[in-house]
Amino acid sequence: MSSELNVLIPDGNSTWALSVMNCLSENSDYKLFVLSNKKRTGTKYSKNTNYYKFYKSTTDQEWLDFVIQEVATHNISVIIPIAENEIRFFINNSHFLPPSVKVIPLPKIHDFETAIDKHQLSVFLDFHKLPHPKSQYFDSLNSYFNNEFRLHFPVLMKPLHEKGGDGISKFETKAKLDKYLKKHTDFKDFFIQEYIDGYDIDCSVLCQNGNVLTHTIQKGNLQGHNAFAPQLGFEFLKNEEVLSVVKQVMQKLNWSGVAHIDLRYDSNKNDYKIIEINARFWGSVEGSKFAGINFPDLAIQLAMDEMIERKQFDEIHYMRLKGVLKSIRRNPSFLFKKKFLLNNSEAKSFLKDPIPTCFKFIEWLGRRF
């Protein structure tokens with residue numbers, strides 16, 4: 001890409017916006033225009049932000065009118081929604097935008113809704129005979145207590161639409177699950193899945209019409225704040241079995257755009273099972289960039305009808321900034337591993353653009369105390 005391109009990020013307040021912007025900052029041709037429904041976010045203070053505007057939308061129509069106005073005012077060439085809410089909005093409304101602006105590849109709405117709903121995804125995977133844990137969905141407590149429970153313990157109870165492992169609980173016996181549910185009579189619906197002995201492994205993809213154009217695979221090696229939270233450190237590795245399973249589900253969904261697929265290796269069955277699909281950008285997207293695959297940049301190239309280079313990712317170790325801090329707390333000498341910190345962690349992005357992360361930390365302190 002050889003000419004300057006004005007890129008609109010419509011959800012600068014999303015959890016993953018700063019990571020995506022750090023990836024896009026690698027391309028000097030991009031000028032980043034950021035919209036947000038919060039007055040102040042980390043992205044507002046990034047040196048990579050060319051323009052930041054707060055707008056508190058109340059309806060989809062108001063938001064669409066505002067986006068169209070911003071596209072015209074700033075001569076926007078491409079829009080890159082990041083989180084699932086905004087991706088859904090542009091799936092439903094891209095055809096109302098002026099023809100001068102492109103949106104990165106996105107799936108069809110039915111396929112999108114199937115992917116992000118744990119229950120719908122389980123039904124879909126079962127229908128297509130793709131590997132996944134056995135599960136049950138209950139639309140009420142009465143449904144749970146009055147119907148046959150068909151799963152083997154231990155099990156995981158999962159919220160249908162939470163992110164980052166939030167709200168997941170593990171139960172070793174039905175008696176413990178029953179006791180827990182009797183205490184939480186406010187539950188309207190819930191999803192229960194058999195626990196798989198093994199380990200987590202993830203695959204990030206960029207697809208077009210069901211074809212995986214590029215991917216990375218990563219296996220965690222540094223746990224987050226709990227067993228179900230995103231890993232803070234991981235290794236990128238080649239795994240044809242994982243890729244084969246992911247290619248099958250993306251083809252069945254006829255997927256276009258990015259996705260991050262959580263899988264788990266089943267040590268009893270010696271296979272890989274699909275756990276869930278994040279139909280959005282993800283927290284370790286910068287890690288993929290360090291491994292050689294810059295997903296946000298490639299998505300924009302696809303939107304602009306450019307051919308993207310098909311390349312293999314590098315097998316590297318990578319660490320989130322929280323993982324770096326955790327490692328330093330454990331072993332202060334880790335601070336002096338300069339080569340690793342600059343080439344295999346988010347420390348490099350932080351040093352180049354520290355204010356957004358500092359702002360997010362201050363926000364976190366405010367919430368905590």
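In this text, all values refer to a predicted model and were calculated from it rather than measured experimentally.
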Taking all non-hydrogen atoms of both residues into account, name the closest pair between [X] and [Y] and its distance.
{"X": "F190", "Y": "L141", "result": "CE2-CD2, 3.9 Å"}
{"X": "F153", "Y": "E172", "result": "CB-O, 3.2 Å"}
{"X": "V242", "Y": "C203", "result": "CG1-CB, 4.1 Å"}
{"X": "V103", "Y": "A303", "result": "O-CB, 3.6 Å"}
{"X": "L130", "Y": "H132", "result": "O-ND1, 2.8 Å"}
{"X": "W255", "Y": "D111", "result": "CZ3-O, 3.6 Å"}

Q: Walk me through it: do R264 and E194 pass the test salt bridge (Lys or Arg N to Asp or Glu O under 4.0 Å)?
A: CA-CA 12 Å; R264 190 163 175 87; E194 287 186 359; over 6 Å; no
(Q) Can you tell me which residue among L213, I104, I308 is in a side chain to side chain contact (heavy atoms under 4.5 Å, CB included) with L298? (A)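 In the set L213, I104, I308, the residue that makes a side chain to side chain contact (heavy atoms under 4.5 Å, CB included) with L298 is I308.
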Q | Salt-bridge criterion met for E26 and K352 (N-O under 4.0 Å) | A |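 Salt bridge present between E26 and K352.
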**Q.** Presence of salt bridge, E346 and K322, under 4.0 angstrom
**A.**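 Salt bridge: no.
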If you round to the nearest 0.5 Å, how far is [atom2] of [Y] from [atom1] of [X]?
{"X": "F361", "Y": "C358", "atom1": "CZ", "atom2": "SG", "result": "9.0 Å"}
{"X": "L97", "Y": "I76", "atom1": "CG", "atom2": "CD1", "result": "11.5 Å"}
{"X": "I362", "Y": "R40", "atom1": "CD1", "atom2": "CZ", "result": "12.0 Å"}
{"X": "K289", "Y": "D297", "atom1": "NZ", "atom2": "CG", "result": "10.5 Å"}
{"X": "D202", "Y": "L263", "atom1": "CG", "atom2": "CG", "result": "7.0 Å"}
{"X": "N6", "Y": "S77", "atom1": "CG", "atom2": "OG", "result": "5.5 Å"}

Q) What's in the same ILVMFWY side-chain cluster as Y45, cut-off under 4.5 Å, chained through other members? A)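 Under the 4.5 Å side-chain rule, Y45 groups with I355, F359.
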[Y] side chain reached by [X] side chain, heavy atoms, under 4.5 Å:
{"X": "N147", "Y": "Q136", "result": "no"}
{"X": "S327", "Y": "M319", "result": "yes"}
{"X": "F89", "Y": "D60", "result": "yes"}
{"X": "S284", "Y": "H260", "result": "yes"}
{"X": "S36", "Y": "T43", "result": "no"}
{"X": "I277", "Y": "M250", "result": "yes"}
{"X": "E84", "Y": "F112", "result": "yes"}
{"X": "F171", "Y": "I192", "result": "no"}

Between the side chain of [X] and the main-chain N/O of [Y], is any donor-acceptor distance below 3.5 Å?
{"X": "D117", "Y": "Q120", "result": "yes"}
{"X": "S288", "Y": "T216", "result": "no"}
{"X": "T114", "Y": "H110", "result": "yes"}
{"X": "Q231", "Y": "L222", "result": "yes"}

Q) Does the pair I79 and V71 meet the rule for a side-chain contact (heavy atoms from CB on, under 4.5 Å), with working shown? A) CA-CA 9 Å; I79 299 174; V71 165; 4.1 Å; yes
Could you see if [X] belongs to whatever hydrophobic cluster contains [Y]? Use Ile, Leu, Val, Met, Phe, Trp, Tyr and a side-chain cutoff under 4.5 Å.
{"X": "I196", "Y": "V155", "answer": "no"}
{"X": "F66", "Y": "F90", "answer": "yes"}
{"X": "Y318", "Y": "I328", "answer": "no"}

Q: Please determine, by modelled atom types, if Y51 and E70 share a side-chain donor-acceptor pair under 3.5 angstrom.
A: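 On atom types as modelled, these side chains qualify, holding a pair under 3.5 Å.
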Q.
As a quick check of understanding, evaluate salt bridge (Lys or Arg N to Asp or Glu O under 4.0 Å) for R88 and E113, giving each step before the final call.
A. CA-CA 9 Å; R88 178 189 287 110; E113 298 294 356; 2.7 Å; yes
**Q.** Between F191 and Y137, ring centroids under 6.0 Å
**A.** no
Q: Dump the intermediate steps for side-chain contact (heavy atoms from CB on, under 4.5 Å) on S349 and E286, then the final yes or no.
A: CA-CA 9 Å; S349 296; E286 277 192 84; 2.5 Å; yes
(Q) Could you check whether K219 makes a cation-pi contact with Y199, meaning its NZ or CZ is under 6.0 Å from the centre of the six-membered ring and within 45° of the ring axis? (A)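 Yes, K219 lies over the aromatic ring of Y199.
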Q. So which of W282, F313, F281 actually passes ring pair (Phe, Tyr, Trp, His ring centres under 6.0 Å) with F295?
A. W282
Taking atom [atom1] as the centre, does [X] end up with more than 12 heavy-atom neighbours from other residues, nucleotides or ligands that are less than 6.0 angstrom away?
{"X": "K174", "atom1": "NZ", "answer": "yes"}
{"X": "K238", "atom1": "NZ", "answer": "yes"}
{"X": "K273", "atom1": "NZ", "answer": "yes"}

Q: Any chance you could lay out the side-chain contact (heavy atoms from CB on, under 4.5 Å) test for W63 and N37, step after step, and finish with the verdict?
A: CA-CA 10 Å; W63 181 238; N37 66 9; over 6 Å; no
Q) What class does the angle between the rings of F340 and F334 fall in, given that below 30° is parallel, 30 to 60° is tilted and above 60° is perpendicular? A)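 Geometry flag for F334 against F340: perpendicular rings.
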